[in-house]
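A quick note: this is a predicted structure, and the numbers were derived from the prediction, not measured. Starting from 1, each residue takes its place in the sequence as its number.
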Amino acid sequence: MKYLRKKTALFTIINVLAFSPMMSQDIGIQLYSLRNHIPNDIEGIFKTIRDWDIRYLEGGDTYGLSHQQYQELLKKYHLKMIGIEASFDNLNSDLEKIINQAKQFNVQSVVCFWIPHNGVFAIEDAKKAVNTFNSAGEKLKAHGVTLSYHPHGFEFKPFQEELLIDYLAQNAEHFKFQMDTFWFHHGGMNPVDFFEKYPHLIESIHMKDMKKGVHGDGSGSQSNEDNVVLGTGQIDIAKTYFLAKKHGVRYIIIEDESSAVLDQVPQSVAYLKSLN
């Protein structure tokens with residue numbers, strides 16, 4: 001009887017894990033990775049993405065197609081758009097345009113990839129960003145859309161006894177973050193440390209590995225050729241992946257800006273699948 005109780009408890013744990021958010025992980029790709037290939041053959045690239053066993057896309061451009069034509073291609077290759085880009089300026093001055101774009105693409109995620117600043121990113125820039133993100137984020141939320149900010153490493157400058165990224169995180173009332181493992185590492189922060197500190201603020205993750213031997217300087221700029229196959233660089237991709245699973249982050253988005261993207265992405269997909 002004692003054995004049966006233990007066996008029943010074990011099966012209960014297995015069932016809980018099997019149906020919890022921790023076990024649900026969807027792999028997507030940021031279409032910027034294929035910026036040099038899409039204009040020449042958008043349908044061929046969509047087929048390639050599906051052949052890689054990727055279903056989810058992050059983008060925001062229709063590459064000269066009408067929205068109807070674009071949606072038909074997505075449907076043909078069983079692809080789904082999950083997020084689009086919004087510039088900082090448009091969040092301030094043309095939010096209605098962003099809301100309409102989100103509806104056209106039928107997405108629930110909008111990502112801002114850059115905070116404008118002159119020279120070194122400072123507390124004044126961070127305060128301005130917090131105001132913009134909270135204001136726009138609250139309005140987007142009313143339409144069922146989540147606003148996220150995608151740091152590029154320049155936000156990791158010291159501020160008081162912490163960092164400017166901490167100021168952004170601690171004042172994020174109506175926005176979240178899209179973690180980019182490459183840029184976090186480039187800015188001097190281990191992605192795992194930020195994840196463990198602010199797990200509730202991570203909406204999605206750009207999985208990107210950095211070539212061994214490269215040293216980031218927190219500038220937000222680095223050679224595209226320093227993007228390597230996931231699991232072969234210097235970033236702890238596996239631990240970040242498991243933290244994402246643990247905290248229910250659904251979308252793991254591959255971004256590979258290198259010229260070898262067509263060779264590297266399928267290897268990165270295989271690596272992520274091997275972690276399961």
Trainee: Locate the shortest heavy-atom distance separating Phe182 from Asp226; write the atom from each residue and the value.
Mentor: CE1-O, 3.6 Å
Trainee: Output, in order, the C-alpha distance, side-chain angles, deciding distance and verdict of salt bridge (charged side-chain N to carboxylate O under 4.0 Å, His left out) for Arg250 and Glu203.
Mentor: CA-CA 8 Å; Arg250 179 176 177 182; Glu203 177 71 8; over 6 Å; no
Trainee: Applying salt bridge (Lys or Arg N to Asp or Glu O under 4.0 Å) as the test, list every pair that has at least one member in residues 56-81; sequence neighbours left out.
Mentor: Glu43-Lys76
Trainee: Which heavy atom of Pro151 sits nearest a heavy atom of Phe177, and at what distance?
Mentor: CG-CD2, 3.9 Å
Trainee: Strictly by salt bridge (Lys or Arg N to Asp or Glu O under 4.0 Å), give each pair with a member in residues 100-109 just once, sequence neighbours left out.
Mentor: none
Trainee: Are any side-chain N or O atoms of Gln30 and backbone N or O atoms of Tyr32, one a donor and one an acceptor, separated by less than 3.5 Å?
Mentor: yes
Trainee: How far does CG of Leu163 sit from CG of Leu168, to the nearest 0.5 angstrom?
Mentor: 10.5 Å
Trainee: Among side-chain atoms of His174 and Asn134, is any donor-acceptor pair under 3.5 angstrom?
Mentor: no
Trainee: With heavy-atom distances below 4.5 Å as the criterion, would you say the side chains of Ile49 and Val265 are in contact?
Mentor: no
Trainee: Kindly indicate, with the supporting measurements, whether the criterion salt bridge (charged side-chain N to carboxylate O under 4.0 Å, His left out) is fulfilled by Lys197 and Asp193.
Mentor: CA-CA 6 Å; Lys197 193 171 184 179; Asp193 294 339; over 6 Å; no
Trainee: Applying ring-ring contact (aromatic ring centres under 6.0 Å, His included), name anything that partners Phe121, two or more places apart in sequence or on another chain.
Mentor: His117, Phe154
Trainee: Please determine, by modelled atom types, if Glu225 and Ser259 share a side-chain donor-acceptor pair under 3.5 angstrom.
Mentor: yes
Trainee: Would you check if the side chain of Ser135 reaches a backbone N or O of Asn131 as a donor-acceptor pair within less than 3.5 Å?
Mentor: no
Trainee: Mind checking whether Ile42 and Leu31 sit in one hydrophobic cluster, side chains of I, L, V, M, F, W, Y counted as touching below 4.5 Å?
Mentor: yes
Trainee: When rounded to the nearest 0.5 angstrom, what distance separates CD1 in Ile237 from CD1 in Ile205?
Mentor: 9.0 Å
Trainee: Could you tell me whether a side-chain N or O of Arg55 sits under 3.5 Å from a main-chain N or O of Leu79, the two making a donor and an acceptor?
Mentor: no
Trainee: Does a donor on one side chain sit under 3.5 Å from an acceptor on the other, for Thr146 and Gln108?
Mentor: no
Trainee: Rounded to the nearest 0.5 Å, how far does CZ of Arg50 lie from CG of Leu57?
Mentor: 10.0 Å
Trainee: Residues in side chain to side chain donor-acceptor pair (under 3.5 Å) with Asn92, at least two apart?
Mentor: Thr132
Trainee: Which donor-acceptor pairs under 3.5 Å do side chains of residues 211-218 form with protein atoms, sequence neighbours excluded?
Mentor:
unit_1	atom_1	unit_2	atom_2	d
Asp217	OD1	Ser219	N	3.0
Asp217	OD1	Ser219	OG	2.7

Trainee: Quick one, Leu74 and Phe46 - any side-chain contact, counting heavy atoms below 4.5 Å?
Mentor: yes
Trainee: Which of parallel (below 30°), tilted (30 to 60°) and perpendicular (above 60°) describes Phe113 and His206?
Mentor: tilted
Trainee: State, with a plain yes or no, whether a side-chain heavy atom of Ser148 is found less than 4.5 Å away from one of Phe175.
Mentor: no
Trainee: Which residues pass the side chain to side chain contact (heavy atoms under 4.5 Å, CB included) test with Ser66, sequence neighbours left out?
Mentor: Gln68, Gln69
Trainee: Test: salt bridge (Lys or Arg N to Asp or Glu O under 4.0 Å). Region: residues 130-145. Which pairs qualify, not counting sequence neighbours?
Mentor: none
Trainee: How about NZ on Lys128, more than 12 heavy atoms from neighbouring residues, nucleotides or ligands closer than 6.0 Å, or not?
Mentor: no
Trainee: Any heavy-atom pair between the side chains of Ile54 and Val269 that's under 4.5 Å?
Mentor: yes
Trainee: Backbone N or O of Gly233 within a donor-acceptor pair of the Asp209 side chain at under 3.5 Å?
Mentor: yes
Trainee: Suppose we call two aromatic rings close when their centres sit under 6.0 Å apart. Are Phe184 and Phe194 close by that rule?
Mentor: yes
Trainee: Name the orientation class of the two ring planes belonging to Trp183 and His152 (parallel below 30°, tilted from 30 to 60°, perpendicular beyond 60°).
Mentor: tilted
Trainee: Within the 4.5 Å heavy-atom criterion, are Tyr167 and Ile123 side-chain neighbours or not?
Mentor: yes
Trainee: How close do Ala126 and Leu164 get, counting heavy atoms only, and between which atoms?
Mentor: CB-CD2, 4.4 Å
Trainee: Carefully, step by step, assess Leu272 and Leu230 under the rule side-chain contact (heavy atoms from CB on, under 4.5 Å).
Mentor: CA-CA 8 Å; Leu272 290 177; Leu230 296 179; 3.9 Å; yes
Trainee: Looking at residues at least two apart in the chain, or sitting in another chain, which of them share a side chain to side chain donor-acceptor pair (under 3.5 Å) with His67?
Mentor: Gln104
Trainee: Please name the residue in the list Asn227, Leu34, Ile254, Asn224 that meets the side chain to side chain contact (heavy atoms under 4.5 Å, CB included) test with Val261.
Mentor: Leu34
Trainee: Going by side-chain heavy atoms closer than 4.5 Å, which hydrophobic residues are tied to Ile253, directly or by a chain of links?
Mentor: Tyr56, Ile82, Tyr251
Trainee: Sorted by first residue and then second, give each salt bridge (Lys or Arg N to Asp or Glu O under 4.0 Å) pair with at least one member in residues 253-276; sequence neighbours left out.
Mentor: Asp53-Lys273, Lys208-Glu255, Lys208-Glu257
Trainee: Any idea which heavy atoms bring Leu91 and Ala86 closest together, and the distance?
Mentor: CD2-CB, 4.1 Å
Trainee: Do Phe133 and Asn171 have side chains that get closer than 4.5 Å, going by heavy atoms?
Mentor: no
Trainee: My understanding is that only residues two or more places apart in sequence, or in another chain, count here; which of them pass salt bridge (charged side-chain N to carboxylate O under 4.0 Å, His left out) with Glu85?
Mentor: none
Trainee: Step through the shown structure and confirm whether more than 12 heavy atoms of other residues, nucleotides or ligands are within 6.0 Å of CG on Asn40.
Mentor: yes
Trainee: Is there any side-chain hydrogen bond (donor to acceptor under 3.5 Å, both in side chains) pair reaching into residues 234-244, and which pairs are they, with sequence neighbours excluded?
Mentor: His185-Gln234, Tyr241-Asn276
